[in-house]
Amino acid sequence: MSRLVFAALILFSLSATADDVLVIDPWVAEAPPGARVVGGFMTLENRGDGDRSVTSVSSPAAREMQMHRTVFSEGMARMVPQESLSIPAHGRLVLEPGGYHLMLIGPTKPLAIGDQVPMQISLDDGTTLEVSAEVRPRPMGGGHEHHHH
Ligand SMILES: [Cu+2]
């Protein structure tokens, strides 16, 4: 069974009310011991007629989770915290390295490739999506350089 199908099945089985928004292919970058932040990525598909937004995210695998957007200016990548993330009606929000993404701050333990990371994604309609994200190798570049002072 593909990861995509598996993620979709989890959603269908858990949520009768949040059926308008699907989480596709969620993953988290590996966190070696001592890592302070790691990125979380996925595609959110809104099959409903109303615009939705992500209002908060959390995970037991991190002290805190934030929503970020990586912005490039003057050759530098910079991450800007976002209050919410929009998922337009009949549209998609792609969370990917170098763009919008989730940030796990202060991993509570190292995350090895292949581990599963549970996370909760809350939407503005009051529903919460339960997601299990697979740990994969860190993306090239990463876009998180500014955290290393
Ligand atoms: Cu970030």
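Just so you know, ligand 1 is whichever comes first in the structure, and atom 1 is the first atom listed for that ligand.
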If the cut-off is 2.8 Å, does any N/O/S atom of T70 fall short of it from the Cu ion (ligand 1)?
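Under 2.8 Å: T70 has no N, O or S contact with the Cu ion (ligand 1).
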Is the distance from the Cu ion (ligand 1) to the nearest N/O/S atom of Q66 under 2.8 Å?
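It does not; every qualifying atom lies at 2.8 Å or beyond.
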For L104 versus A62, what's the shortest heavy-atom pair and its separation?
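Closest approach of L104 to A62, heavy atoms only: CB-CB, 3.7 Å.
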What heavy-atom pair brings I113 and P137 nearest, and what distance separates the two atoms?
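Distance-wise, the nearest heavy atoms are CD1-CG, 3.7 Å.
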How wide is the angle at the Cu ion (ligand 1) spanned by H68 ND1 and M103 SD, rounded to 10 degrees?
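So the angle at the metal works out to 100°.
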Report the atom name of the nearest N/O/S atom of H101 relative to the Cu ion (ligand 1).
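Relative to the Cu ion (ligand 1), the closest nitrogen, oxygen or sulfur of H101 carries the name NE2.
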Any donor-acceptor pair under 3.5 Å linking the side-chain atoms of N46 with those of H90?
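Checked: H90/N46 side chains show no N/O donor-acceptor pair below 3.5 Å.
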According to side-chain hydrogen bond (donor to acceptor under 3.5 Å, both in side chains), who are the partners of S84, at least two apart in sequence or on a separate chain?
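By the side-chain hydrogen bond (donor to acceptor under 3.5 Å, both in side chains) rule, S84 matches no residue at all.
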